[in-house]
Each structure stands twice: as structure tokens, then as C-alpha cells.
Amino acid sequence: MSDPHDIADPSRAEAGAGRIAWAERDMPVLRGIRARFERERPLAGIRVGACLHVTAETAALMRTLAAGGADIALCASNPLSTQDDVAAALAAEGVGVFARQGEDDDTYYRHLMRVADHRPQLAIDDGADLIGVLHAARRELLDGVIAGMEETTTGVIRLRAMEADAVLGFPVIAVNEAQTKHLFDNRYGTGQSVVDGIVRATNVLLAGRTFVVAGYGWCGRGLAERARGMGASVVVLEVDPLRALQAAMDGFRVMTAEAAAPIGDIFCTATGDKDVLRGEHFDRMKDGALIANAGHFNVEIDLPALRERAVATTRPRADVEELELADGRRLALLAEGRLVNLVAADGHPASVMDMSFANQALSAEYAVRGAEGLENRVYVVPPAIDEEVARLKLEAMGIAIDRLTAEQERYLRSWSEGT
Ligand code: NAI
């Protein structure tokens, strides 16, 4: 039998276990679900293949699924986001882990194939790479998959495109679409951790700087709010008129990328789109401008166009690549254009991943229990799960809210009262 793991350093398991324990303190909802899963074992004997950022918070989800009886193989959803100590800790606990921080593209795909070899009945994905590999290279396994679960916006877009082309081989639950996921994780989690990543990568002062956010979706608006909170003057780029208008009325300057290029000190993309910052923009940027990405794939910044303009490249800090252009200007690319919050910082704080991963765990249970009723489509998370996660999180935060009286319920349902 081949080695059940491919990790960087098994001796770091203890450090990883400490890091996981620290994260779990801030994940009360998931802890509660785990306690129930231990009793009820809703995933007993189910093979789970997961492609997620291998972080302490993901480890808490893996432990929850394992408590429910799942047999798990995990690989990374990004070659640079793996926390090697966490990978070691999970491997020591019996999870099959195929992830090394900094793995090259070949290793990344080899690891995806190792998870496919686990013949997953549940495929938990972040960016649809695992589900993509199952459809492209391991079609014989599709019938054995009860359901997939997708964590992020970009993955959901891809899976909906597969559904529209009638090529989706099993049902998928779009965990990202749960309100208790994207309204909190994408907004507050990305907002805070992207600022954290940029600051850790560079130690730049945000106060007084012009910070350009591309995309005013849930990630972009969180980032814009947090950058403003740190004293930056924030500019928003959008292509959707409604969102551009929201940004303007939220008090941000809204303009084209061409207009923003010469005034920005820090640029960060969060669109899920490609080539958002490209040659014509790099040509106009100031000396010293910092360029980062928070979107799922490293395609938002046109990296070939940026690198082909460089006459010299240095690495003044671990996550900073400084490119000197022919005219003497220097542009600094952070985290190789990959998710800056996961590469240069720890990713989202545990408290917000508590909600995202509670949705994952409850969706896994829902898929297994309701398997026969699901078709090969992309489903939203059932509202009952969303409400349950919100209720449990409020409870854990010690926040009580009012309940409608019977009279109020009647009033809100009626159309005749109050005239
Ligand atoms: P969203 O769909 O809510 O927002 C994206 C926004 O970008 C839209 O308003 C769209 O109009 C705009 N946009 C598209 N092309 C553009 C362009 N060329 N120029 C300017 N704006 C453009 O998506 P959401 O949830 O904000 O996610 C954005 C990306 O971040 C996705 O790739 C998602 O997977 C990823 N993500 C990253 C996280 C992280 O930890 N860094 C966490 C959650 C999501």
C-alpha cells in the first residue's frame, strides 16, 4: 500500500495540534456539532475527499467529520496556503493528508489525484478543482459520489456553468451561498485577513494611503470597509452599475482602473475575474505601488504582463517580489498574486470559519441523509441549516434576541389589519 500521507514534516504534529486547539476555542458552533456527531455518527463509513486550504480551521472541520464517522482524505486548495504543522497534526490523527506548503503545480495535481483515489462519496471543494478532476480524469468515480460541497464564489460559478451545460455528474451544495457563509466569511473574514496579509507581507502603514479595491462583492466591500477603518483613502473599481452605486453611496470613490492606476498606493483585486489589473494599468502605476490579490485564483493580476515588464526582480521580504521596470519604477507583487490573506497571513479568523464550516458539516449530514432526493444540480444550503447556524452562533456569543408574539406573527401575515 502506498504511503497514506504526503506532508512536509511529521515531526511538527505537536505544534500543529496546539494551533488547531487555539482555533477551536473560537469555533463553538462547530464544537457543538462535533459533540452531536460523536453521539449520532451521521457519516459512519462515508469516504470524504476534501480539497480545502489546509489550515487550523479546516482541521477543526476534518475532526468534526471524523467524529461523525467519516474516513477522510484531504489535499490543499492552493499550493501556498498549507500550514505544514497542521497537516502533520491531522495526519497523526488518521486523516489522509496530501499537502505541502509551496508545492509545485505537478505536486498540487498529484495530490488532487490522491484524494480522488480515495473514491470520495462526499467531495468537499474550495474552487472546484477536486470536482473538476473527478469530472475530467476520474469519470468512473462520479456515480459513487453522493454529493459535492463548494466553499467559494469562484467554485460555485464554475459548478453552475457545468450544471447549465448538463455535465455535472452529481449533486452539489453551494455552501458559499448560505447567508451565514458569504455575508460573514467573505465580508468580515476576507476584509480583516486581507488587510492582515498585506500588512504582514510589507509592514506598510495604511493610514493616509490610497487603497484601491477591485470588485465590490462580499469580499471587496469587507476589504474596503476595513481599509477605510485603518485610515486609508479607499477607491473602488467595479463593472456592475448596481454595486458601483452601492460603493459610491457607502462613501467610497468609484472610478475606472485606468483612472485609479496612477493614484493608488496599494491595489487589491477581489473579483473572481481575470486580468483585472493588466499591462496598461502597470504602465501608469506609481513607483512603489503594492499589488495584491484576494480572489480565488491567481489570474486577477495579469502576471505575465507584469513580469515581462521587469528588467530586474528582487525579493526584499518573504512575500514581496519587487519588479523594477525599464523606466526605473518599482512595483511590488505580494504573495505571487495568490490569495494574500492565506499566503502572507493565517487566512480567515476561526470565529468566522466556525459558521462557514458549520454549514459544511451540516450540509454533509443533509446530503447523506437526503441523498436519494437530490439530482445532479447545484443546490443552495437549506434555509433551516442557515437559520440553525445563525441561532447557534448568537447563542455562543451570549446574545439573546426577541421573539415575535403570536399577535405580531398574525399581524405580519395579514393584509387587512392596519388600514
Ligand atoms: P462577488 O461575486 O460577490 O463579487 C465580485 C465582484 O467583482 C462583483 O461585484 C463583480 O461585478 C466585480 N467584478 C467582476 N469583474 C470585475 C472587473 N473586471 N473589475 C472590477 N470589478 C469586477 O464575489 P465575492 O464573494 O466577493 O468573491 C470574490 C472572489 O474572492 C472570488 O474569487 C471568491 O472565490 C474569492 N474569495 C476569496 C476569499 C479569501 O479568503 N481571499 C474568501 C471568499 C471568497
Side-chain angles (χ1 to χ4, degrees), residues 78-80 105 127 152-155 157-158 161 190 194 197-198 201-202 204 209-221 223-224 227 232-241 243-244 247-248 252-316 319-344:
N78 185 294
L80 298 185
D105 284 356
T152 200
T153 316
T154 285
I157 289 170
R158 294 189 158 193
T190 311
V194 167
I198 291 172
T202 60
V204 71
R209 296 281 165 73
T210 298
F211 193 116
V212 181
V213 177
Y216 202 65
W218 295 108
C219 293
R221 69 187 65 191
L223 176 57
S233 164
V234 177
V235 168
V236 169
L237 315 180
E238 251 299 340
V239 290
D240 176 333
R243 289 202 157 161
F252 298 110
R253 284 186 287 162
V254 179
M255 60 185 79
T256 62
E258 191 189 354
I263 63 170
D265 297 301
I266 302 158
F267 294 82
C268 188
T269 50
T271 68
D273 197 1
K274 66 183 286 200
D275 297 343
V276 178
L277 295 177
R278 48 187 186 267
E280 68 219 61
H281 307 128
F282 306 139
D283 290 342
R284 306 190 69 197
M285 286 181 185
K286 288 192 222 177
D287 178 34
L290 308 179
I291 309 171
N293 168 49
H296 188 78
F297 287 117
N298 60 341
V299 296
E300 305 214 5
I301 301 162
D302 183 352
L303 297 172
L306 180 59
R307 294 206 168 103
E308 83 191 11
R309 282 169 165 70
V311 293
T313 303
T314 53
R315 193 171 272 279
D319 291 312
V320 180
E321 194 180 330
E322 192 168 66
L323 302 122
E324 189 180 330
L325 311 188
D327 58 12
R329 283 177 304 131
R330 289 154 303 174
L331 301 179
L333 174 68
L334 310 191
E336 299 177 21
R338 296 191 188 271
L339 303 143
V340 68
N341 56 329
L342 280 137
V343 177

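- Of the possible donor and acceptor atoms, one in the side chain of Glu300 sits under 3.5 Å from a partner among the backbone N and O of Gly272.
- The shortest non-hydrogen separation linking Ala289 to Phe267 is CB-CE1, 4.0 Å.
- Gly337 approaches Asn293 most closely through the heavy-atom pair O-ND2, 3.0 Å.
- Between Ala270 and Cys219, the closest heavy-atom pair is CB-CB, 4.1 Å.
- Taking CD of Glu324 as the start and CG of Leu331 as the end, the distance is 10.5 Å to the nearest 0.5 Å.
- Closest approach of Ala247 to Val254, counting heavy atoms only: CB-CG2, 3.8 Å.
- With rounding to the nearest 0.5 Å, the separation of CH2 in Trp218 from OG1 in Thr190 is 12.5 Å.
- Crowding of Lys274 atom NZ: a count of heavy atoms from other residues, nucleotides or ligands under 6.0 Å not exceeding 12.
- Taking Arg243 as the reference, nothing meets the salt bridge (Lys or Arg N to Asp or Glu O under 4.0 Å) condition, with sequence neighbours excluded.
- In this structure, Thr271 OG1 and Asp240 CG are separated by 12.5 Å, a value rounded to the nearest 0.5 Å.
- When the options Arg330, Arg307, Arg338 are evaluated for a salt bridge (Lys or Arg N to Asp or Glu O under 4.0 Å) with Glu321, the one that passes is Arg307.
- With rounding to the nearest 0.5 Å, the separation of CG in Leu237 from OH in Tyr216 is 12.5 Å.
- Under the 4.5 Å side-chain criterion, counting only non-hydrogen atoms from C-beta, Val234 is not in contact with Leu223.
- Closest of all the heavy-atom pairs between Glu238 and Gly217 is OE2-N, 4.1 Å.
- For the atom pair CG (Leu323) and CZ (Arg329), the distance works out to 11.0 Å, reported to the nearest 0.5 Å.
- Among all heavy-atom pairs drawn from Glu336 and Asn298, the shortest one is O-CB, 4.4 Å.
- Screening Val340, Asp319, Asn341 against Ile198 for a side chain to side chain contact (heavy atoms under 4.5 Å, CB included) leaves a single residue, Val340.
- Applying the salt bridge (Lys or Arg N to Asp or Glu O under 4.0 Å) test between Arg309 and each of Asp302, Asp283, Asp327 identifies Asp283 as the sole match.
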Worksheet entry | Verdict with reasoning, Phe282 to Ile291, per side-chain contact (heavy atoms from CB on, under 4.5 Å) | CA-CA 10 Å; Phe282 306 139; Ile291 309 171; 4.1 Å; yes

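- Among residues two or more places apart in sequence or in another chain, the salt bridge (Lys or Arg N to Asp or Glu O under 4.0 Å) test is passed with Arg253 by none.
- Contact annotation: the side chain of Asp265 approaches that of Lys286 to within less than 4.5 Å [non-hydrogen atoms, C-beta and beyond].
- Using modelled atom types, no side-chain atom of Thr152 and backbone atom of Gly155 make a donor-acceptor pair closer than 3.5 Å.
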Item to complete: Kindly determine whether Glu308 and Arg278 satisfy salt bridge (charged side-chain N to carboxylate O under 4.0 Å, His left out), including the steps that lead there.
Response: CA-CA 11 Å; Glu308 83 191 11; Arg278 48 187 186 267; over 6 Å; no

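- Expressed to the nearest 0.5 Å, how far CD1 of Ile301 lies from CG of Leu334 amounts to 8.0 Å.
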